[in-house]
Asker: 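Have a look at the structure that comes next, please.
We name chains A, B, ... by the order of the sequence lines, and we start the count at 1 in each one. Every value quoted in this text rests on a predicted model; they were computed, and no experiment measured them.
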2 protein chains.
Amino acid sequence: MLAPVQEARRPPETRHVRAAPPTCHSLLGALDLTGAVMPFDRNAEIYGENEPADYVYKVISGAVRSYKVLHDGRRQIDAFYLPGDVFGLELGDEHTCSAEAITETTVLVVRRTHVLDAAERRSEVARNLWSLTARDLRRAQHHTLLLIKSAQERVAAFLLEMSERLAAGTAFELPMSRQDIADYLGLTIETVSRTLSQLEGAAAISLPASRRIVLRDRSALDRLND
Amino acid sequence: MLAPVQEARRPPETRHVRAAPPTCHSLLGALDLTGAVMPFDRNAEIYGENEPADYVYKVISGAVRSYKVLHDGRRQIDAFYLPGDVFGLELGDEHTCSAEAITETTVLVVRRTHVLDAAERRSEVARNLWSLTARDLRRAQHHTLLLIKSAQERVAAFLLEMSERLAAGTAFELPMSRQDIADYLGLTIETVSRTLSQLEGAAAISLPASRRIVLRDRSALDRLND
DNA sequence: CGACCATTTGATATGGATCAAGCGATGTGG
DNA sequence: CCACATCGCTTGATCCATATCAAATGGTCG
C-alpha cells in the first residue's frame with residue numbers, strides 16, 4: 001500500500017535543447033515547443049503534490065504514474081501516462097497530484113508560462129489546452145465509473161484500456177507493478193493477482209510472464225466491461 | 001439502484017429572454033450571456049448521454065445530478081450541480097453524462113456555439129472555458145479519492161462538501177435523496193442511512209429531518225476526511 | 001384515513017481485505 | 001558457479017465491512 005521510496009528529485013534544469021520535431025497531430029503539437037528532454041530513473045519523482053506547477057511534461061518513452069496519498073498511506077493512482085501523453089498541466093499554480101516515473105522514462109519539459117502565453121495569443125493553442133484538460137476529465141470520469149464495479153470488471157476494464165494504449169496487436173507488456181495496478185483500481189495486490197489468474201483460467205487472457213498480457217478472448221473481457 | 005422515471009424532456013426552446021444580469025465574478029460571467037431561462041420539474045431530464053451537446057447550462061435555482069448508468073442499471077452520479085454552477089459544457093459534440101433536475105430547478109441555457117465563438121475571439125473567455133473544465137477535473141479527482149475510502153469517510157466527506165456548497169452557517173437542507181447520495185458515494189441507501197445514524201449517535205451531526213443536516217462537531221468529520 | 005414513497009433498522013450473506021505462506025526470478029557475494 | 005538473500009508475485013485460510021434481503025416506521029398527499 002505504500003508508495004515506493006523516492007529517488008533523486010531534480011528540478012528540470014538538465015540539458016536544454018530545442019525540442020524534437022513536434023508531431024503535428026499531437027495535442028501539444030500546435031505549440032512551438034522549446035524545452036528540455038529529461039531522463040528519470042525508475043521510481044524517481046517528477047513532481048510532488050502542492051509543488052509549484054512551473055512545467056508541463058510530455059512522455060517520450062517509459063511510463064508515469066500520477067497519484068495522491070492519504071494521511072494513513074493509502075495511495076490512489078489517478079492516471080498512468082504513456083508515450084505521447086501530456087501531463088502536469090494545471091490551471092492553478094500548484095500540482096494537485098504527485099508524479100513518478102514507473103520505469104526508466106524520458107520526458108519533454110516545457111515551461112508552463114510559455115504555454116499560457118501562447119494560449120493568450122493564439123486561440124487554437126487555447127483550445128488545445130482546454131482539450132488536454134477535457135481529455136483528462138473524461139478519463140477521470142471513466143475511472144470513477146471503474147471504482148463502482150466488481151474486481152473482475154475493474155481488472156477487465158484495465159486490461160482493455162492498456163491494450164488500447166500500448167498493444168501492438170493482441171499482446172502487450174505492462175510497465176507497472178501489481179501494486180500500481182491495485183492502487184489504480186482501488187483493490188489489493190492479492191485481489192488483482194487472483195483476478196488475473198481467474199481470467200487466465202477462464203481463457204480470457206494468458207500470462208506468459210507476470211507483466212506480459214496476451215488477450216485471448218477479447219469479447220469475454222468486453223462482456224465484463226459494461 | 002435504478003434511476004427515477006424520466007419525465008417530459010423538452011428541447012431548450014422555451015421563453016427566449018435576455019439573460020439576467022450576469023454576475024461578474026462567476027465563470028461564465030465574462031461571457032455576454034444571451035440565453036433562455038428554463039424550468040425543469042423534479043426528476044425531469046435536462047439532457048441524455050450521447051445526445052448532441054448544443055447548449056451549456058447554469059443552475060439558477062434548484063439542483064441537478066449528472067450521471068451514467070451501466071447496462072445492468074447501476075447508476076454512478078458524477079456530480080451534483082447547485083445554484084451558480086455551470087454544467088453540460090463539452091469539448092466534443094455529445095454529452096458524456098445524462099443530467100436531471102433533482103428538485104424543481106431553473107437553469108440558464110446558452111448555445112454552445114455562442115460560447116465557443118466568443119472563446120475564439122477573446123482569450124479570457126477561452127481561459128474561462130478551460131477553467132470550468134479544470135474545476136470539473138479537480139472535483140472528479142476528489143471524487144475518485146472518495147471512492148477508495150470507507151463508508152464513514154465517504155459520508156463525512158460528502159457532508160463536508162455539501163456544507164461548504166450550501167450551508168448558511170452550520171445547518172443545511174439536502175436537495176437529494178438517499179439513493180442519490182448512495183449513487184454518488186458508491187454505497188447502498190442502507191449503508192448511507194446507517195452511517196448517518198452512526199454519525200448522529202456519535203454526536204457529529206444531528207438530523208432534525210431526514211434531509212436536514214446540522215453539523216454538530218465539524219472537527220470529528222474533518223478527522224474522518226483525511 | 002389510507003396509499004405511497006422515502007427512510008430507518010434488523011438479520012444474514014458475501015466479495016474482497018487481511019494475514020500468512022510459498023514460489024520463481026534476479027542479483028550478489030563467497 | 002553456486003548458495004543465498006531479496007523482491008515481486010501467487011495462492012491459501014480466515015475475517016470483516018458492506019451488500020442484500022426483509023420488515024417496520026414515518027412523512028406526504030389525495
Asker: Can you check each nucleotide of nucleotides 25-30 of chain D against protein heavy atoms at under 4.0 Å and return B for base, S for sugar-phosphate only, - for none, in 5' to 3' order?
Answerer: ------
Asker: Over 60° means perpendicular and under 30° means parallel, so classify the ring planes of B:Phe80 and B:Tyr184, tilted if in between.
Answerer: tilted
Asker: Could you state the CD1-P distance from B:Ile189 to D:dA23, rounded to the nearest angstrom?
Answerer: 16 Å
Asker: Take the protein atom CG of B:Leu196 and the nucleotide atom P of C:dT9, then report the distance between them rounded to whole Å.
Answerer: 10 Å
Asker: Where do A:Leu137 and B:Ala140 come nearest, in terms of heavy atoms and distance?
Answerer: CD1-CB, 4.0 Å
Asker: Where is the tightest heavy-atom contact between A:Arg165 and A:Arg139, given as atom of each residue plus distance?
Answerer: NH2-NH1, 3.3 Å
Asker: Using the side-chain heavy atoms of A:Thr188, tell me which of these nucleotides is nearest: C:dA17, D:dA19, D:dT10.
Answerer: C:dA17
Asker: From D:dT18, C:dT7, D:dC9, pick the nucleotide closest to the side chain of A:Ser193?
Answerer: D:dC9
Asker: Between atom CZ in B:Arg178 and atom P in D:dA19, what is the gap in whole Å?
Answerer: 15 Å
Asker: Less than 6.0 angstrom from the centroid, inside 45 degrees of the normal: does B:Arg75 satisfy that with respect to the ring of B:Tyr67?
Answerer: yes
Asker: Quick one: what's the B/S/- string for nucleotides 19-27 of chain C, heavy-atom cutoff under 4.0 Å, read 5' to 3'?
Answerer: B--------
Asker: The side chain of B:Ala151 lies closest to which of these nucleotides: D:dT18, C:dA6, D:dC9?
Answerer: D:dT18
Asker: What integer distance in Å separates B:Leu146:CG from D:dT18:P?
Answerer: 13 Å
Asker: Could you give the CZ-to-P distance, from B:Arg42 to C:dC5, as a whole number of Å?
Answerer: 11 Å
Asker: Less than 4.5 Å apart, side chain to side chain, heavy atoms only: is that true for A:Leu159 and A:Leu196?
Answerer: yes
Asker: Report the nucleotide, chosen from C:dT9, D:dT18, D:dT10, that has the shortest atom-to-atom distance to any side-chain atom of B:Leu187.
Answerer: D:dT18
Asker: Rounded off to whole Å, could you give me the CD1-to-P distance for the A:Ile148 and D:dT18 pair?
Answerer: 16 Å
Asker: If you look at every heavy atom in A:Arg218 and A:Leu160, which pair is closest and at what distance?
Answerer: NH1-CD2, 3.8 Å
Asker: Is B:Thr191 close enough to D:dA19 that one of its side-chain N or O atoms is under 4.0 Å from OP1 or OP2 there?
Answerer: yes
Asker: If you look at every heavy atom in A:Tyr57 and A:Gly88, which pair is closest and at what distance?
Answerer: CD1-CA, 4.3 Å
Asker: For the pair made of CE in A:Met176 and C1' in D:dC9, what is the distance, rounded to whole Å?
Answerer: 16 Å
Asker: Is there a side-chain contact between A:Glu190 and A:Arg178 (heavy atoms, below 4.5 Å)?
Answerer: no
Asker: Between C:dT7 atom C1' and B:Arg211 atom CZ, what is the distance in whole Å?
Answerer: 10 Å
Asker: Just so I know, are the side chains of B:Val56 and B:Val86 near enough to count as touching, which here means a heavy-atom distance under 4.5 Å?
Answerer: yes
Asker: Would you indicate what A:Ser210 reaches in the nucleic acid, counting non-hydrogen atoms under 4.0 angstrom: base, sugar-phosphate, or nothing?
Answerer: sugar-phosphate
